[in-house]
Amino acid sequence: MSLRIYNTMSGKKEEFQPLIPGKVGMYVCGVTVYDYCHIGHARANIVFDMIFRYLQFAGYETTYVRNYTDVDDKIIKRANERGISSKALSEEFIQAFDEDMASLGLVKPTHEPKATEYIDEIIAISQTLIDKGLAYEAGGDVYYAVDKFADYLKLSKRNMEEMQAGARIAPGEQKRNPMDFALWKAAKPDEPNWPSPWGAGRPGWHIECSAMSSSLLGDSFDIHGGGRDLIFPHHENEIAQSEGASGKPFVKYWMHNGFVNVNQEKMSKSLGNFFTIRDILQQYDPEVVRFFILTSHYRSPIDFSDQNLIEAQAGLSRFYEALLSADQMLAGATDEQAESPLGEELEARFREAMDDDFNSAQAIAHLFEGVRTMNRLCATKKFKKRVDLVAQVRDLRQTVLKLGDVLGLYNSEPAVWLEKVKFAGLEKLDITLDEIEQQIEARLQARAEKDFAKSDQIRDALAARGIELLDSREGTSWKLK
RNA sequence: GGCCCCGUCGCCAAGUGGUAAGGCAGAGGUCUGCAACACCUUUAUCACCAGUUCGAAUCUGGUCGGGGCCUCCA
């Protein structure tokens with residue numbers, strides 16, 4: 001079974017056939033850098049990071065471009081409010097973005113261009129569009145004449161007449177048609193600007209993505225992604241610009257990730273109900289956030305809530321606990337080698353899930369099954385001497401790690417990760433590590449004396465304070481309840 | 001008003017024509033001094049109604065409920 005991708009353009013899953021066999025060009029709209037990233041950005045970037053990793057895993061030589069839009073009305077406005085330059089503001093938030101993405105465990109895209117580095121290309125495309133009669137200059141602005149592009153609204157499937165009914169021309173704009181959009185805006189005082197054939201000015205929103213994608217991936221490429229909210233107007237306008245200028249098909253597969261809701265309600269800047277990545281990482285481990293996001297399909301809406309994240313943490317802990325116990329069981333196990341089909345079988349199921357429009361939720365479900373098998377084998381009597389079982393656990397462990405890496409998961413040292421989460425949770429409880437260890441010691445003493453009443457009393461008291469004890473042959477450890 | 005999406009076990013969440021993955025929580029069991037952990041077993045006919053079909057959660061029509069886009073937004 002080969003890779004199938006849901007294409008927003010057709011509204012269907014399609015067999016993935018890249019323009020050049022074996023190679024993929026993918027462009028994903030990045031952020032406008034004027035504020036800290038919120039969890040919606042986290043989702044979009046994690047999703048496409050997963051897609052990028054899987055494309056490579058599936059054998060495609062993938063060029064992944066994710067831009068920074070560093071010139072824009074909102075940047076100018078925010079910079080003016082803070083009394084700093086647009087450049088200083090955008091640099092600050094580019095750095096913040098990079099930090100956030102690194103903490104979420106994202107790999108670097110192949111290219112991370114900035115809009116301001118592509119001003120020449122932006123001007124060239126705008127000029128081409130004017131030359132072709134698709135755009136016009138008016139008072140130092142350049143606008144795209146949407147009624148000249150026959151395919152306009154083909155991605156968002158909207159109706160021009162109805163769109164026009166609600167559209168307005170803002171004061172100061174020189175549009176012929178309210179639906180027209182700016183490719184270039186004449187500079188106002190104190191705005192960043194560049195010289196152009198139409199006078200000093202700056203790019204409009206949308207044109208930068210056409211310029212950067214064609215420069216780095218060519219006029220036609222395979223995958224273009226972003227959040228659903230970018231379908232209109234941003235991606236629609238990109239199509240008009242790029243296909244209008246080049247005369248070639250722009251993008252083969254359009255991919256859009258679903259929204260993040262907070263308490264069933266869309267999270268948005270205008271509603272003010274958004275959390276930044278930094279807020280969330282105060283509360284939860286970054287890998288828990290990533291795990292939570294990937295346990296839903298990328299096109300479904302997800303609901304950010306404490307309960308959901310706590311459950312995600314429990315699920316991810318299950319993986320690390322299994323990996324830890326597998327490591328411990330394998331440590332003293334026989335060195336003899338044996339065949340094991342389990343890893344290969346797991347990988348086949350994983351690929352099948354991921355080939356179906358990157359169904360990471362299904363893929364993780366298969367990995368959970370791998371974990372259960374691993375736990376079951378490890379619990380078998382005389383495990384360490386059973387050559388076949390040891391080989392199977394080795395195989396499964398290695399496969400879970402390998403496939404986890406495709407999702408950007410399970411990269412930590414199990415013991416270290418579990419400790420980290422445990423101590424982070426401990427801080428929220430009214431108990432100290434010393435206390436816990438003292439109580440464990442006291443209980444061990446009681447048990448040695450067969451004073452089980454006292455032993456159980458200590459255990460119950462700790463449980464009431466949120467600490468669960470685990471006895472094993474090696475001794476007693478504890479975890480958060 | 002126009003366009004679009006969704007409604008699957010207590011909760012989260014896969015599944016788009018052949019009689020419902022997985023996780024969390026719950027129940028029973030194995031293990032245990034007793035527990036916890038782990039493992040085993042177990043828990044749904046898919047909002048509702050009508051239709052197409054040998055057969056539908058999956059297709060069509062309708063009803064109810066929720067949400068999104070149409071303005072900056074991942």
Side-chain angles (χ1 to χ4, degrees), chain A residues 8 11-13 28-32 34-35 37-48 72-74 77 153 156-159 161-168 170 205 225-234 256-261 264-271 274 291-292 295-297 299-303 305 307-316 318-319 321-322 325 349 353 356 359-369 371-381 447 450-453 455-456 459-460 462-463 467-472 476-479 481:
Chain A
T8 305
K12 293 180 190 138
K13 286 182 196 171
V28 174
C29 289
V31 285
T32 299
Y34 71 104
D35 205 345
C37 287
H38 58 237
I39 51 186
H41 297 112
R43 182 182 196 191
N45 285 287
I46 286 170
V47 159
F48 285 102
D72 167 87
D73 292 350
K74 293 188 293 294
K77 180 163 176 276
L153 304 181
S156 55
K157 296 162 185 67
R158 289 162 197 270
N159 176 298
E161 286 75 48
E162 282 156 3
M163 297 288 292
Q164 281 172 328
R168 295 282 179 277
W205 182 43
R228 288 184 77 86
D229 48 347
L230 295 181
I231 294 172
F232 185 88
H234 186 56
H256 295 95
N257 64 274
F259 284 127
V260 172
N261 296 142
Q264 328 271 23
E265 195 178 38
K266 184 198 168 185
M267 185 187 74
S268 78
K269 295 188 177 171
S270 49
L271 290 171
F274 67 94
F291 185 82
F292 168 65
T295 45
S296 294
H297 185 89
R299 282 188 283 117
S300 305
I302 54 172
D303 196 35
S305 67
Q307 196 203 332
N308 287 344
L309 283 166
I310 287 165
E311 276 192 15
Q313 184 166 97
L316 183 55
R318 186 168 157 79
F319 277 94
E321 279 162 8
S325 93
R349 290 197 296 275
D356 185 12
N359 193 337
S360 56
Q362 181 74 66
I364 288 172
H366 291 317
L367 295 180
F368 266 115
E369 288 163 1
V371 160
R372 193 174 44 205
T373 306
M374 210 157 65
N375 282 334
R376 185 176 60 233
L377 296 173
C378 284
T380 308
K381 286 200 171 82
R447 292 182 73 202
K450 304 260 187 230
D451 185 353
F452 293 121
S455 153
D456 290 352
R459 186 175 62 201
D460 293 345
L462 283 174
I467 300 299
E468 195 94 65
L469 295 184
L470 296 92
D471 291 330
S472 76
T476 299
S477 59
W478 60 275
K479 62 183 269 186
K481 211 172 175 182

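Within every chain, numbering begins at 1; the chains are lettered A, B, ... in the order of the sequence lines, protein sequences first and strands thereafter.
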[N] to [M] separation - [atom1] atoms, rounded to the nearest Å:
| N | M | atom1 | answer |
| --- | --- | --- | --- |
| B:rC73 | B:rG68 | C1' | 13 Å |
| B:rU58 | B:rG18 | C1' | 11 Å |
| B:rU42 | B:rG2 | C1' | 50 Å |
| B:rA21 | B:rU16 | C1' | 15 Å |
| B:rG51 | B:rG55 | P | 12 Å |
| B:rU52 | B:rC39 | C1' | 47 Å |
| B:rA13 | B:rA27 | C1' | 22 Å |
| B:rC69 | B:rA74 | C1' | 14 Å |

State, to 0.1 Å, how close [X] and [Y] come at their nearest heavy-atom pair, and which atoms those are.
| X | Y | answer |
| --- | --- | --- |
| A:A312 | A:F291 | O-CD2, 3.5 Å |
| A:S296 | A:S360 | O-OG, 3.7 Å |
| A:R349 | A:H366 | O-CD2, 3.4 Å |
| A:S156 | A:F232 | OG-CD1, 3.7 Å |
| A:G258 | A:R43 | O-NH1, 2.9 Å |
| A:A44 | A:N257 | CB-OD1, 3.5 Å |

Fill in: Nucleotide of B:rC72, B:rG68, B:rC12 approaching A:W205 most closely (side-chain heavy atoms)
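Nearest nucleotide to the side chain: B:rC72.
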Next on the checklist: Can you identify which nucleotide, out of B:rA14, B:rC72, B:rG22, has its nearest atom closest to the A:K74 side chain?
Outcome noted: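 The closest nucleotide is B:rC72.
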- Message: Below the 4.0 Å mark, does B:rG15 have OP1 or OP2 next to a side-chain nitrogen or oxygen of A:N359?
- Response: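 Checking A:N359 against B:rG15: at least one side-chain N or O falls below 4.0 Å of OP1 or OP2.
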From [atom1] of [X] over to [atom2] of [N], roughly how many Å is that when rounded to an integer?
| X | N | atom1 | atom2 | result |
| --- | --- | --- | --- | --- |
| A:F274 | B:rC73 | CZ | C1' | 10 Å |
| A:L309 | B:rC24 | CG | P | 16 Å |
| A:L230 | B:rU71 | CG | P | 15 Å |
| A:F291 | B:rC24 | CZ | C1' | 11 Å |
| A:I364 | B:rG15 | CD1 | P | 13 Å |
| A:E369 | B:rA13 | CD | P | 19 Å |
| A:Q362 | B:rG22 | CD | P | 9 Å |
| A:D73 | B:rU71 | CG | P | 16 Å |

Worksheet item: B:rG33 base to A:S455 side chain: any donor-acceptor pair below 3.5 Å?
Response: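 Yes, the side chain and the base share a sub-3.5 Å donor-acceptor pair.
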>> With hydrogens left out and only the distance checked, is there a donor-acceptor pair under 3.5 Å joining A:E311's side chain and the base of B:rG23?
In response: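 Answer yes: a donor N or O sits under 3.5 Å from an acceptor.
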- Hey, which of these two, A:S300 or A:H38, hits RNA chain B nearer its 5' end, going by closest nucleotide?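 Residue closer to the 5' terminus by nearest nucleotide: A:S300.
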*asked:* Need to verify one output field. Residue with the more 5' nearest nucleotide on RNA chain B, A:A365 or A:A453?
replied: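 By nearest-heavy-atom nucleotide position, the 5'-most residue is A:A365.
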Does the side chain to side chain contact (heavy atoms under 4.5 Å, CB included) test come out yes or no for A:L367 and A:F319, once each step is laid out?
CA-CA 9 Å; A:L367 295 180; A:F319 277 94; 3.7 Å; yes
When we call it a touch if two heavy atoms are under 4.0 Å apart, what does [X] touch: a base, just sugar-phosphate, or nothing?
| X | result |
| --- | --- |
| A:F368 | sugar-phosphate |
| A:G40 | base |
| A:F292 | nothing |
| A:V47 | nothing |
| A:G30 | sugar-phosphate |

When both hydrogen-bonding distances must be under 3.5 Å and the geometry is Watson-Crick or G-U wobble, what is [N] paired with, if anything?
| N | result |
| --- | --- |
| B:rC39 | B:rG29 |
| B:rG7 | B:rC64 |
| B:rC34 | none |
| B:rG51 | B:rC59 |
| B:rC69 | B:rG2 |

Quiz prompt | Heavy-atom donor-acceptor pair, A:N308 side chain to A:D303 backbone, under 3.5 Å | solution =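 Between the backbone of A:D303 and the side chain of A:N308 there is a qualifying donor-acceptor contact (under 3.5 Å).
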N-O pairing of A:D35 and A:K74 below 4.0 Å: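 No salt bridge links A:D35 with A:K74.
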B/S/- along nucleotides 34-44 of chain B (protein heavy atoms under 4.0 Å) is BBBSSSS----
key: Stepwise side chain to side chain contact (heavy atoms under 4.5 Å, CB included) test for A:R447 and A:D471   = CA-CA 11 Å; A:R447 292 182 73 202; A:D471 291 330; 3.2 Å; yes
